[in-house]
There are 2 protein chains.
Amino acid sequence: MASAGPNEPQQSGEQLRQMLPELNSARPTIAEIARRAGVNKSTVSRALRDDPSIPQATRQRIQDLAAQLNYVPNASARHLNHARTDTIALVSRALNLDTGAGSADPFLVELLAGIADEAASHHFDVLLVRAEEGERELGVYQRILGGRHADGVILTDLRPNDHRLAYLCRHRYPHVLFGRSAEDLAEARLYPYPWAEVDNRSGARIGTEHLIGLGHRRIAFIGGGDTYHWERDRRAGYREALARANLPYDPRLCIPSGISQKDGYLLTQQLLSWEEPPTAIFAISDVLAVGVMRAALDAGVQVGPAFSVIGFDGLGLGSYLTPPLTTLRQPINEVGRILVQLLCAVLRGTPPEEPHVFLQPELIVRASTRGY
Amino acid sequence: MASAGPNEPQQSGEQLRQMLPELNSARPTIAEIARRAGVNKSTVSRALRDDPSIPQATRQRIQDLAAQLNYVPNASARHLNHARTDTIALVSRALNLDTGAGSADPFLVELLAGIADEAASHHFDVLLVRAEEGERELGVYQRILGGRHADGVILTDLRPNDHRLAYLCRHRYPHVLFGRSAEDLAEARLYPYPWAEVDNRSGARIGTEHLIGLGHRRIAFIGGGDTYHWERDRRAGYREALARANLPYDPRLCIPSGISQKDGYLLTQQLLSWEEPPTAIFAISDVLAVGVMRAALDAGVQVGPAFSVIGFDGLGLGSYLTPPLTTLRQPINEVGRILVQLLCAVLRGTPPEEPHVFLQPELIVRASTRGY
DNA sequence: TTGTAAGCGTTATCAT
DNA sequence: ATGATAACGCTTACAA
């Protein structure tokens, strides 16, 4: 296979060093354009924004000149002048390598895609920020919002009594939340800033009811700690379904865990070694469910009728697993879009009539859950 | 389950509208600090950066005051002044919802995690930018780099004769590439800007040789178009292995496709309907391999000895598939870190001695490939 | 040790 | 229709 022709500039790697002094040069300013055009800076500024007070002819002349010189207005200068940056930040825990997830969280990309897409259509830049934990947690928001790296921020991984909320409200930092608790919905609707959330509790309840409907009675719920709304709510939905069906709640069947595939794998290995193992497992996320199914298969347990598995999230992956995974699909892309819309509305000064969006997940039944 | 106590400020959603005027207020400037401290702006500026010329006492006093007033220097002002933004941008195609991938690319998160982590440790912000296609492709770089939204940019999805390179070089826009061709490595080493790449060709060759070593003779290679280096190189590696083993190259067995699980699924369905189907499949990515394995299982073909499948990427997912997927692991996180290190070095004005990093992927043998 | 003033590149408010 | 000027918030010679 022939090499692609040498089309790029060819220089020794060392020559980069020689180019360095020029790196920051040669970007024309508005003053430069003005000088060359023989007009004032303000005329150029007007011409470039198609101000009708500038006659068509000069306008065109200046625009051509600017294009020819490859002029692009300096963002920092503009931001400084306008007192806004047209940038929103997404703060996410999933970017931390040491967060224990073991590997990438597919959820984040889906969300990011929605966010990036919508932000672009609003002419906003997107800043990606790692969430910090503990002492330095609030410092992140102070830096980004106080220092005006961004005009507003999207928060994820909300917790009960999340002290970030009080902090952001106190400082009037524009923000939008992904994740409120279904537990306090009435209260959450009073929150002054927008949020969007998927009904984790109902989702988990519906999923559990699905298992119960299939005849399962010993249903384990695995995954999640006690930290975030989404994990608490999903667990609550599980218990709610049991209660409604007058099934006893067995704490031994409700097992906390990490969020990686491996966690699901190890826990399921244990479960299956019980003398009376559960006949169905509700995994708190699709990622976890992957590990659960693998463990079952490795133990020679066929996933389906005798041992049903359901996940949560609706990752594209699910339908290609063996067997295909029943799950509760979240409209992740859409959540991303909505979050951006809500935040932009706030920044624009025109908050939406209903700033609180509560979406329903959708039960997708596949072969991993079958009648017992 | 009790609701989390009402800890957040409680206001009607409509009150947000009333708060709006205050949104952009109340962020103190350096002038404000100076006024309150009874000193000049420049003194404050110095005190805040621990300039030793300011006596310890005043320094402390000013720092306390700033902290108390929640002062954070305005990034735009600082950037304007310094003529740099301490921001790098990642331009990615994977953020486009309409890109045909169908869903999230897990690869991107892994890369992002590495990038975000390393960038943070260099005190750089990370801007996330969707790649455009066609006419508007270069406009993205003009806007980001010319407009100084970022100091430098990370390019992905490189193509042969990628005209972005000439463009960036011509304008002296600092950048680093993820993806050069193994086909023109000598030439690529002359490129003035840094790049990092994983040896896709060798990886694919080693993977194919693995299959050949297992006794497979009819080996299909599916996936990828003719656009990007990574897909061309992997295909080249496949052919190289065949050639070395004196196996004939059958064009019918080298099948282009999209990059989604579904593409892998549909193609494999077709393959299996042939009168003499291949006994092994090299899927150009792990994501594609997921679809391949699903199709095999659905067709009643057991993946393993009689029908081996190998992927490429080494996503965490692979070891939990059924059967676990043999693959070539790319050090994705590390690539992200390296890209940032290289770019920061350029921006710092101290380019590394060896700006071109070529990493080897690692063959990870699992149960999806077995002797034929 | 600290203050003064110029400058970063825009935009906006005056005038003219 | 266009020019002059101030302002955005910060840094940094240069003075004092």
Side-chain angles (χ1 to χ4, degrees), chain A residues 23-63 65-66 69-87 143 145-151, chain B residues 23-63 65-66 69-87 143 145-151:
Chain A
L23 277 189
N24 290 321
S25 69
R27 257 165 276 193
T29 70
I30 204 171
E32 172 74 3
I33 310 284
R35 197 179 58 70
R36 298 219 194 194
V39 296
N40 192 277
K41 291 190 306 180
S42 45
T43 306
V44 175
S45 182
R46 290 181 188 115
L48 291 179
R49 38 190 67 246
D50 265 327
D51 186 321
S53 71
I54 307 286
Q56 186 55 245
T58 24
R59 218 190 300 172
Q60 193 61 53
R61 187 168 60 87
I62 291 174
Q63 287 176 5
L65 184 60
L69 294 180
N70 205 252
Y71 169 77
V72 183
N74 180 304
S76 301
R78 215 211 287 253
H79 295 162
L80 178 57
N81 190 299
H82 280 161
R84 43 192 189 79
T85 61
D86 290 333
T87 302
R143 193 181 80 84
L145 263 6
R148 289 204 179 280
H149 290 78
D151 298 331
Chain B
L23 277 189
N24 289 320
S25 68
R27 257 166 275 191
T29 70
I30 202 172
E32 172 74 3
I33 310 285
R35 198 180 57 71
R36 298 218 194 193
V39 296
N40 192 276
K41 292 190 305 180
S42 50
T43 306
V44 175
S45 181
R46 291 181 187 116
L48 292 179
R49 36 190 67 250
D50 266 328
D51 186 320
S53 72
I54 307 286
Q56 186 55 245
T58 24
R59 217 189 301 172
Q60 194 60 52
R61 186 168 59 89
I62 292 175
Q63 286 177 2
L65 184 60
L69 294 180
N70 205 251
Y71 170 77
V72 183
N74 180 304
S76 301
R78 214 211 290 249
H79 295 162
L80 178 58
N81 191 298
H82 281 159
R84 43 192 189 80
T85 61
D86 291 333
T87 301
R143 192 181 81 82
L145 263 6
R148 291 202 178 280
H149 290 78
D151 299 330

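Residue numbers begin at 1 in each chain, while the letters A, B, ... track the order of the sequences.
A search for side chain to side chain donor-acceptor pair (under 3.5 Å) contacts involving T85(A) returns D151(A), not counting sequence neighbours.
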Practice prompt. Determine, for nucleotides 9-16 of chain D in 5'-to-3' order, which nucleotides have protein heavy atoms under 4.0 Å from the base (write B), from only the sugar-phosphate (write S), or from neither (write -).
Written response: BBBBBB--
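Between T29(A) and N74(A), every side-chain heavy-atom pair lies at or beyond the 4.5 Å cut-off. Looking only at side-chain heavy atoms (C-beta outward), N70(B) and P28(B) stay at 4.5 Å or farther from each other. Two residues are said to be in side-chain contact when any heavy atoms from C-beta on lie closer than 4.5 Å; H79(B) and R84(B) fail this criterion.
Rounded to whole Å, atom C1' of dT1(C) lies 10 Å from atom CG of D51(B). Rounded to an integer number of Å, the gap from R84(A) CZ to dT11(C) P is 11 Å. The distance between atom CZ of R61(A) and atom P of dA1(D), rounded to the nearest whole Å, is 15 Å. Taking atom CD1 of I33(A) as the reference point, atom C1' of dT11(C) lies 16 Å away to the nearest angstrom. Atom-to-atom, CG of D86(A) to P of dT10(C) comes out at 16 Å; the value is rounded to the nearest Å. Distance NE2 (H149(B)) to C1' (dT10(C)): 13 Å, rounded to an integer number of Å.
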Worksheet entry | CA sep, side-chain torsions, deciding dist, call: I62(A), V39(A), side chain to side chain contact (heavy atoms under 4.5 Å, CB included) | CA-CA 9 Å; I62(A) 291 174; V39(A) 296; 4.1 Å; yes
Worksheet entry | Derivation of the side chain to side chain contact (heavy atoms under 4.5 Å, CB included) call for R148(A) and R27(B) | CA-CA 10 Å; R148(A) 289 204 179 280; R27(B) 257 166 275 191; 3.5 Å; yes
